[in-house]
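Values below: all heavy atoms of this structure, side chains included; hydrogens, waters and symmetry mates excluded.
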Amino acid sequence: MEPRDGRARARRAPRLLVLALLLGAHPGAQAEVRLSVPSLVEVMKGEPVALNCTPLGTHDHFVLEWFLADRSGVRHRLASAELQGSELQGRVLDSRGRSPPYQLDSRGRLVLTEAQIATCNSRNGNPAPQITWYRNGQPLEVPLEVNTEGYMTIRTVREASGLQSLTSTLYLRLHKADRDASFHCSVRYHLPTGQHGRLDSPAFHLTLHYPTERVQFWVGSPSTTEGWVREGDSVQLFCRGDGSPSPEYTFFRLQDKQEDVLKTNLEGNLTLEGVQRGQSGTYGCRVEDYDAADDAELSKTLELRVAYLDPLELSTGEELSLHLGNSTAVNCSVQGLPTPALRWTKDSVPLGTGPTLSLSSITFDAAGTYICEASMPTVPLLSRTQSFRLLVQGPPQLRAEETQPKTEGSWMEGEEVRLVCSARGYPEPKLSWSQLGGSPAEPALQGQGWVSSSLTLKVTSALSRDGVSCEASNPHGKKQHVFHFGSVTPQTAQAGVAVMAVAVSVGLLLLVVAAFYCMRRKGRPGCCRRGEKGTPPAGEPELSHSGSERPEQTGLLMGGASGGARHGSGGFGDEC
């Protein structure tokens, strides 16, 4: 067995990847044991290969050991097998905490599950082509001489046809930076007329094994920027080492300086379902990589902080009833981590911060719903609210919409008017009218506990004298308002004026008609004369039948009803 310091130096020494893989088998020192070992094993990349080390002759007991020698000459023991009776018992000695890329079969052969050999072949060319190796698209400057960083070998074979085949094998010391590198080879050959052609092989990547140097450990979503997680959420812890292949991860929790192992896996994930406040504490992740350097930090810890917020409690119930003008203070208590911030609002209007809300000399406007809200700036989605309703008791307040005449001066009797009364108080006041027809009380548009009722009626002289009243009342008192209409012009006086105007108009019309008729009758016998039309009064000459004119009477409309009665004639038939 090799000393521990030798193994440590071997872990720290860079490895040389021999892509045309050569392994030596070194059994225990027995003078009479001879071995059969092939000096060269060739295999296609990606295919499994078995390396044979067979003792010659018959032996009752022997120990078979496999080693890997790097370019510096340090040997690393990989596996061993011991003959026990008729069976060979083998074991892998250098698993390094990973699944090794090799194993022992029942015959003691070392089986590699996947060979990593890079060989570039060009067959049947003339003249012989040139082969160039590339890493990430850039030519690799590797010499043909053996050295510790890398070299390549070239073998040319002349075929029976006279053409030439070229084989190039690349030996390269790989580093961690090559874990994502892309390799390929290119063949450049001559064409007639001095031209050249080129063929590129498919690119390939190498599977590298290298120890862990750094470990990262963090809390996944839904944690906040300051590392808080909400109580009840499912929380994921992630641990990642930079070694290859992926090492084994062990998750633990530190309690009283003791490690309480939670889970071990190759994925590096730990899920805490429905995390509770009691799970706050220090959590750790450790990478199990025995190939790592002695000074590598393979363990990391973090603080898991579970934020919680209990339901809020108010010093009052869901409803608080106070009399108009009183004062009080309401307390809001909360338990949570981190320390919650408290604020008060009413109808979305901020009232203040802190656990205590002070209400002094309250009015009806103070009635409504008050909300206490607890929130955490560092955990934005964690908040709670609690509310109470304030009822302000007191006698009603009354407000009326004053009426105005529709025209300047006063109301006309019979005109229609709409009266509105609004009131508030607690208990809710009842509205009543001195006249029938008022509507039921309903919430007013202005809110704040107001209710209103309306009454539509026609204005009369009696209403002008007595007015119309509305009253608001509740158990604490009552309030009344009287609507007045001022002077009201009666409808009868207006009718008399209208009749008089019609009579004057008719009289004037009759006079005009009479004058026109008289003018049409002028010059005819008996027209516009006073007395009877049969026998003229004494001393008055008569009109001759020849139409000689007699002195005319100058009076108008002197013959009246009496003359008509006397002469048996009516209207203006014989006199004007």
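Side-chain N or O atoms of Tyr249 include one that pairs as donor or acceptor with a backbone N or O of Gly241 at under 3.5 Å. Between the Ser244 side chain and the His209 main chain, no donor and acceptor come within less than 3.5 Å of each other. For the pair Asn147 (side chain) and Glu149 (backbone), a donor-acceptor distance under 3.5 Å is present. Counting only distance, with no hydrogens or angles, the side chain of Asn136 and the backbone of Ala181 share no donor-acceptor pair below 3.5 Å. Checked by atom type and distance alone, the side chain of Ser201 pairs as donor or acceptor with a backbone atom of Cys185 at under 3.5 Å. Judged by distance alone, with hydrogens and angles left aside, the side-chain atoms of Ser315 form a donor-acceptor pair with the main-chain N or O of Asn331 at under 3.5 Å. Between the side chain of Asp289 and the backbone N or O of Thr212, at least one donor-acceptor pair lies under 3.5 Å. A donor-acceptor contact shorter than 3.5 Å is absent between the side chain of Trp133 and the backbone of Glu141. Judged by distance alone, with hydrogens and angles left aside, the side-chain atoms of Lys300 form a donor-acceptor pair with the main-chain N or O of Val215 at under 3.5 Å.
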| request: Evaluate the salt bridge (Lys or Arg N to Asp or Glu O under 4.0 Å) criterion for residues Arg277 and Asp310: first the C-alpha distance (whole Å), next the side-chain angles of each, then the deciding distance (0.1 Å), finally the verdict. | output: CA-CA 11 Å; Arg277 65 190 69 178; Asp310 290 337; 2.9 Å; yes

| request: Go through the steps for Trp344 and Cys332 under the test side-chain contact (heavy atoms from CB on, under 4.5 Å), then give the verdict. | output: CA-CA 9 Å; Trp344 292 90; Cys332 180; 3.5 Å; yes

| request: Check step by step if side chain to side chain donor-acceptor pair (under 3.5 Å) holds for Ser321 and Gln393. | output: CA-CA 7 Å; Ser321 180; Gln393 299 201 29; 2.7 Å; yes

| said: Quick one, Leu170 with Thr153, criterion side-chain contact (heavy atoms from CB on, under 4.5 Å). Give me CA distance, side-chain angles, the key distance, then yes/no. | reply: CA-CA 7 Å; Leu170 175 67; Thr153 62; over 6 Å; no

| said: Determine whether Tyr171 and Val146 satisfy the following criterion, side-chain contact (heavy atoms from CB on, under 4.5 Å), listing intermediate values before the conclusion. | reply: CA-CA 9 Å; Tyr171 301 86; Val146 176; over 6 Å; no

| field | Test log, rule side-chain contact (heavy atoms from CB on, under 4.5 Å), inputs Val187 and Gln130 | value | CA-CA 6 Å; Val187 177; Gln130 295 178 344; over 6 Å; no

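Salt bridge annotation for Asp178-Arg135: present, with a cationic side-chain nitrogen under 4.0 angstrom from a carboxylate oxygen. A salt bridge is defined here as a Lys NZ or Arg NE, NH1 or NH2 lying under 4.0 Å from an Asp or Glu carboxylate O, and Asp200 with Arg188 fails to meet this definition.
Side-chain contact between Glu231 and Val275 is absent, with no heavy-atom pair separated by less than 4.5 Å. Residues Phe67 and Leu78 are not in side-chain contact: their nearest non-hydrogen atoms beyond the backbone lie 4.5 Å or more apart. Counting heavy atoms from C-beta outward, Leu391 and Leu320 have side chains that stay 4.5 Å or more apart. Using a 4.5 Å heavy-atom cutoff, the side chains of Val219 and Leu302 are in contact. The shortest side-chain heavy-atom distance between Tyr151 and Val142 does not fall under the 4.5 Å cut-off. Side-chain contact between Tyr370 and Ser387: absent, with no pair of heavy atoms (C-beta onward) separated by less than 4.5 Å. For the pair His205/Ser182, a side-chain contact is recorded, criterion being any heavy-atom separation below 4.5 Å from C-beta on. Annotation: side chain of Asn269 is in contact with side chain of Phe238 (closest heavy-atom distance under 4.5 Å).
Atom CZ of Arg389 is surrounded by 12 or fewer heavy atoms from other residues, nucleotides or ligands within 6.0 Å. Within a 6.0 Å radius of CD in Glu428, no more than 12 heavy atoms belonging to other residues, nucleotides or ligands are found. Open room surrounds CD on Gln335; 12 or fewer heavy atoms of other groups in view lie less than 6.0 Å from it.
Arg230 approaches Leu381 most closely through the heavy-atom pair NH1-CB, 3.2 Å. Nearest approach of Ser234 to Glu273, heavy atoms of both residues: OG-OE1, 2.8 Å. The minimum heavy-atom distance linking Ser361 with Ser327 is given by the pair N-OG, 2.9 Å. For the residue pair Glu213 and Asp242, the shortest heavy atom distance occurs at N-OD1, 2.7 Å. Scanning all heavy atoms of the two residues, the minimum distance from Leu337 to Trp228 falls at CG-CH2, 3.9 Å. Counting all heavy atoms, side chain and backbone alike, Ala292 lies closest to Ala296 at CB-CB, 4.2 Å.
From Thr207, atom OG1 reaches atom CZ of Arg179 across 13.5 Å, with rounding to the nearest 0.5 Å. Put simply, OG1 on Thr316 and CG on Leu390 are 9.0 Å apart, with the number rounded to the nearest 0.5 Å. From Ser333, atom OG reaches atom CD of Gln386 across 10.0 Å, with rounding to the nearest 0.5 Å. The line from CD of Glu297 to CG of Asp295 is 9.0 Å long, rounded to the nearest 0.5 Å. To the nearest 0.5 Å, atoms CG (Leu357) and OG1 (Thr328) are separated by 9.0 Å. In this structure, OG on Ser348 lies 7.0 Å from CD1 on Ile371, to the nearest 0.5 angstrom.
Counting only N and O atoms by type, the side chains of Glu373 and Thr345 include no donor and acceptor under 3.5 Å apart. Checked by atom type, the side-chain pair Glu65/Ser80 shows no donor-acceptor distance below 3.5 Å.
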Atom pairs and distances, side-chain donor-acceptor, residues 252-262, under 3.5 Å, sequence neighbours left out:
| unit_1 | atom_1 | unit_2 | atom_2 | d |
| --- | --- | --- | --- | --- |
| Arg253 | NH2 | Gly278 | O | 3.2 |
| Arg253 | NH2 | Ser280 | O | 2.8 |
| Glu259 | OE1 | Arg286 | NH1 | 3.0 |
| Glu259 | OE2 | Arg286 | NH1 | 3.3 |

